[in-house]
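Okay, structure first, notes after.
Worth knowing before you read on, the calculation uses all heavy atoms, side chains too, and leaves out hydrogens, waters and symmetry mates. This one's a predicted model, so the numbers in the text were calculated from it and none came from an experiment.
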Amino acid sequence: MASKLRTCFVCWNLSGFNCVNLSNGNGRIVRVSFPASCKMRHRTTLSLQHKRQQIKPSTEVGLRQNKDEEEDSEVSSNNDDSVDNTNETKDSVDNTNETEEPLVININGAELAKQLSGKQCEDLLGMIRNAEKNILLLNQARVRALEDLEKILAEKDALQGEINALEARLAETDARIKAAAQEKIHVELLEQQLEKLRNELVEKGGTEARYEELRDLQNGDLRDANPLSNKGIIHSLTEELNSLRTENESLKNDLESFKTHISVVKNDDERLVALEKERSSLESALKDLESKLCSQEDVSKLSILTVECKDLSGKVENLQSLLDKATKQADQAVIVLQQNQDLRRKVDELETSLEEANIHKLSSDQLQKYSELMKQKINVLEERLQKSDEELNSYIQLYQKSVKEFQDTLDTLKEQSKRKALEEPVEDMPWEFWSQLLLLIDGWGIEKKISVDDASLLREKVWKRDRRISETYMAYKKQSEPEAISAFLGLLSSATSQGLHVIHIAAEMAPVAKVGGLGDVVSGLGKALQKKGHLVEIVLPKYDCMEYDRVCNLRALSVEIESYFDHQLYKNKIWVGSIEGLPVYFIEPQHPSKFFWRGKFYGEDDDFRRFSFFSRAALEFLLQAGKKPDIIHCHDWQTAFIAPLYWEIFVHKGLNSARICFTCHNFEYQGTAAASELDSCGLVSQNLNKSDKMQDNSARDRVNSVKGGIVFSNIVTTVSPTYAQEVRTAEGGHGLHSTLSSHSRKFIGILNGIDTDAWNPATDAFLPVQYNATDLQGKVENKQALRRKLGLSSADIRRPLVACITRLVPQKGVHLIRHAIYLTLELGGQFVLLGSSPVPHIQKEFEGIANHFQNHDHVRLILKYDESLSHAIYAASDMFIIPSIFEPCGLTQMISMRYGAIPIVRKTGGLNDSVFDVDDDTIPSQFRNGFTFVNADEQGLNGAMVRALNLFENNPERWKQLVEKDMNIDFSWETSSAEYEDLYLKSVERAKAAKRA
């Protein structure tokens, strides 16, 4: 579980760096400048959590030669003009446009590597110090932004309080108005009764007694409510009512003004949310720029160039020393030549004197002696002259030889450099490019436009990422096909590849055709082997329900492949395309049953016929395409037919270069059928329906395709070491334990990995906010975003969120998942489930639970699979439950830890190989990464969940450390692919040794 760390220094807010002048020893000056510019905006956030700031620096890096040092000071003087602070109030946000200039790098690696000096290191340190100062300014701006946020929240709370008070006063006023209206009605009724009585007295001419009775009625019932007093009361009530109405209107006006103020605040909220989105995009761009500036591959390339330059520099120095030596020797020869010329002049003078002496006929003995002496001197001088001439010739020859050696060495170095450039694989082209080129060559071979041998040789060049074939492809890309084919055939050589040719034949491949973990393994393992230098190809059925928009350059070949089935030949249309850089072949059967046009991948009554037809057609395609793979890797019962078909039929047809590897991802699904069904694909059921071959161990009249894969394959694997042990038991093997024991020498369990490029919270495009182990604030923000999306309560930020993403089948422990929903609510958490069930009664049961919690604040069930939502749930959840009854490997626990969700799992299969309990003292502390339980019952799950939620609530610091540790665990395919690579190589070597024997 290795943690991978990358370090990068980026200097923000600098308008220019000091240039570094480097000498290359030949009088030339290499000038390196690192100009950069950045504008920073101060933002105010409205989120209840602390938002992370993002800066999108726009950087331009260039290398320039032979500049004056005066420009260094001019560039350096601009370093203080890089930060543009904005107003810190909540209503004024600087909308200064940010410009992004593309990253430009023009580096001569060989020259630059030779010129590194201490001065440049000092300048780089200066740059880093400037970056630290600018980061400090950013932190200060962040503090001010948080203070503004607190002020805005305080103002919002104050406004809310005033609104509540006004609403209370309004309610009180309404109550008083209602009471006054009721009193007015009561008075009006009394007046009507009084008027009625008066009218009766007038009409009947009532007596005094009646009048006294009326007076008593007035005094008793009406009390003091005489007409004049009643009118006064009504008048006073009317005035009070009017005043209350006036006050009510005033309060309503005040309320409207506060609502307007609140709308302004909401508009500010929206503006701040928009700015926050912009900040998120800026951070993403910054991380992309950092990854470009900090690529480990660039560093390794620079190191390689440095070593090569040092070697070349040493050779050139040696040649220079030889040249200097030869030059000195030539100078000495010139001096000797000058001396010889002087001697010749003296000889001439002597000869002139001798002639004069002869003219005068000097006959004295002294003159005779003198003449003899002169002759002796002349002889000596002539000898010296001859010797000097010989030395001069030797010096000239040595000089010419040195010059020739220098030129030869220089030519050799140039040739070696050129040859090395051609032989080295091209690293700057994406895998997508090589996959498309490979598919083009295979198309020519299948369509008989080139021979099988030529296609094989060209495929090897693509395999090695040969520079010449890539340059030829680019040069003839727009030319006619015959011209392109002619150019490609001109490149052929006898070079052989150093890697393996691996072909996966499977029923699934993520992301285009994915039901479970099989699709992830095919794509993840394929890409990992491709990165190791092996040629990897995939063969799939062409389903009508695939995600075709994820396939690049999908096209049909002009030829069709015929394959045997049901005693006749059926045509198959071949499609080619690439998926995430891997070349893929899709087989579309032209069969009247339309085997793969059913709207789903599995679950048909004739699945045995569908996939036996596909397996036969896939091998027929390999044979007719002239492929010579080293390994054919088939997966699960759907393509387990490959093994017996290969050894029983196709080896005898000429497809005999491969070793067969079979991987069973789940031994519960074995692909059994009546023995007679096997005859349809050309296998002879009478020969294979035997106990030591394909006969099902539970029924003698049936065949078992998984058993056939085990018996006929050279390598048999499953997806984790623990599961490999479990399936050797009667309970775990589902009837195949005895077969596995018989073939135990070739059976091994290898733990799957995950695609760490697709599952990476730091770059995941499905997430509202990207984050990593050193910055977990983004995980909190993703949690709030998921709550808003699903309609869950966000009142308590610290409330733990428990998630489960799974197929709802008995294997996954559906009764424990159901129990976990209610247990999470009891423990004060929230629960989210994503998944569906192919079992009708299980699907119906969970639909009832989903309807029950449809409007609940803390539970949500989404009974389907949603790729983008799954990423969001991984990022938002605090805990992830996987209570499987058995689990061959499981990828969700690895993905959840990658996203900082602590797994709660049952100790079985691959879960036991990847999750280790935090409270298990028998496990080294550095490997403890989750919570486990043994028994597949509610009591076991209760214990693990209670421990997990208690740690989350009571020890936040330890929980944070656990999250950071889990996010740094390496669950990539690097280790697993190396184990498969080793199995492949050993199997191929055994086959070669057997042929030699």
Side-chain angles (χ1 to χ4, degrees), residues 3-8 10 12 38 40-41 43 45-59 98 100 103 135 138-139 142 145 272-296 511 580 754-790 797 801 803 805 832 834 866-878 880 892 894-902 960 963-972:
S3 300
K4 300 176 180 176
L5 177 63
R6 293 183 178 180
T7 305
C8 178
V10 179
W12 295 302
C38 173
M40 176 192 70
R41 288 191 285 176
R43 297 179 174 81
T45 62
L46 273 180
S47 174
L48 295 179
Q49 299 79 29
H50 296 303
K51 302 285 186 178
R52 297 173 303 160
Q53 290 182 312
Q54 300 181 352
I55 299 174
K56 184 176 185 180
S58 116
T59 306
E98 297 179 358
E100 177 180 359
L103 179 67
I135 291 171
L138 291 177
N139 291 333
R142 183 177 182 182
L272 291 170
V273 169
L275 290 173
E276 187 61 25
K277 291 181 179 178
E278 183 180 358
R279 175 185 61 77
S280 178
S281 65
L282 291 176
E283 182 181 3
S284 177
L286 174 61
K287 290 179 178 178
D288 291 340
L289 184 59
E290 289 178 348
S291 65
K292 291 177 181 178
L293 292 175
C294 307
S295 172
Q296 291 290 341
E580 296 182 349
I754 60 173
D755 187 344
T756 52
D757 294 329
W759 297 104
N760 185 359
T763 59
D764 196 331
F766 289 113
L767 303 186
V769 180
Q770 286 78 36
Y771 63 98
N772 54 48
T774 60
D775 183 8
L776 294 176
Q777 180 60 28
K779 185 169 180 63
V780 178
E781 297 177 22
N782 280 292
K783 184 176 179 180
Q784 290 296 88
L786 182 69
R787 284 170 166 170
R788 289 192 297 269
K789 182 174 183 177
L790 300 181
I797 299 176
L801 178 62
I805 301 176
V832 174
L834 176 65
D866 186 320
E867 178 72 15
S868 61
L869 184 58
S870 68
H871 286 250
I873 292 174
Y874 281 120
S877 57
D878 298 299
F880 205 89
T892 54
M894 302 179 192
I895 299 172
S896 69
M897 285 188 275
R898 176 83 167 159
Y899 282 71
I902 306 304
K960 180 181 178 183
V963 169
E964 292 174 349
K965 179 168 68 175
D966 280 11
M967 291 183 70
N968 285 319
I969 297 175
D970 182 10
F971 284 115
S972 71

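- With P761 as the fixed residue, the side chain to side chain contact (heavy atoms under 4.5 Å, CB included) test singles out one of R898, Q770, H871: R898.
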Discussion item. Does N139 form a side-chain contact (heavy atoms from CB on, under 4.5 Å) with I135? I'd like the steps, not just the answer.
Written reply: CA-CA 6 Å; N139 291 333; I135 291 171; 3.9 Å; yes

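- Taking all atoms of both residues into account, the shortest heavy-atom contact from R787 to I797 is NH1-O, 3.6 Å.
- Atom-to-atom distance recorded for L776:CG and E781:CD is 11.5 Å, nearest 0.5 angstrom.
- Using modelled atom types and a 3.5 Å distance limit, the side chains of D764 and Y899 yield a donor-acceptor pair.
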Item to complete: Walk me through it: do L869 and K789 pass the test side-chain contact (heavy atoms from CB on, under 4.5 Å)?
Response: CA-CA 10 Å; L869 184 58; K789 182 174 183 177; 4.2 Å; yes

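- Residue L767 holds its CG atom at 10.0 Å from OG of S868, rounded to the nearest 0.5 Å.
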Item to complete: For side-chain contact (heavy atoms from CB on, under 4.5 Å), just list the numbers for I902 and V963, CA-CA rounded to whole Å, side-chain angles, deciding distance to a tenth of an Å, and then say yes or no.
Response: CA-CA 7 Å; I902 306 304; V963 169; 4.0 Å; yes

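- The nearest pair of heavy atoms linking G778 to V769 is CA-CG1, 3.8 Å.
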Discussion item. Could you go through F880 and I805, starting from their C-alpha distance and side-chain angles, then the distance that decides it, and tell me whether this counts as side-chain contact (heavy atoms from CB on, under 4.5 Å)?
Written reply: CA-CA 8 Å; F880 205 89; I805 301 176; 3.8 Å; yes

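- From D970, atom CG reaches atom CD1 of I754 across 9.0 Å, with rounding to the nearest 0.5 Å.
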Practice prompt. Apply ring-ring contact (aromatic ring centres under 6.0 Å, His included) to W759 and Y874, showing your working.
Written response: CA-CA 10 Å; W759 297 104; Y874 281 120; 5.5 Å; yes

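- Using a 4.5 Å heavy-atom cutoff, the side chains of E580 and D755 are in contact.
- From N772, atom CG reaches atom NZ of K779 across 12.5 Å, with rounding to the nearest 0.5 Å.
- Within the 4.5 Å cutoff, side-chain heavy atoms of L801 are placed close to those of L786.
- N968 and A773 get closest at one heavy-atom pair: OD1-CB, 3.8 Å.
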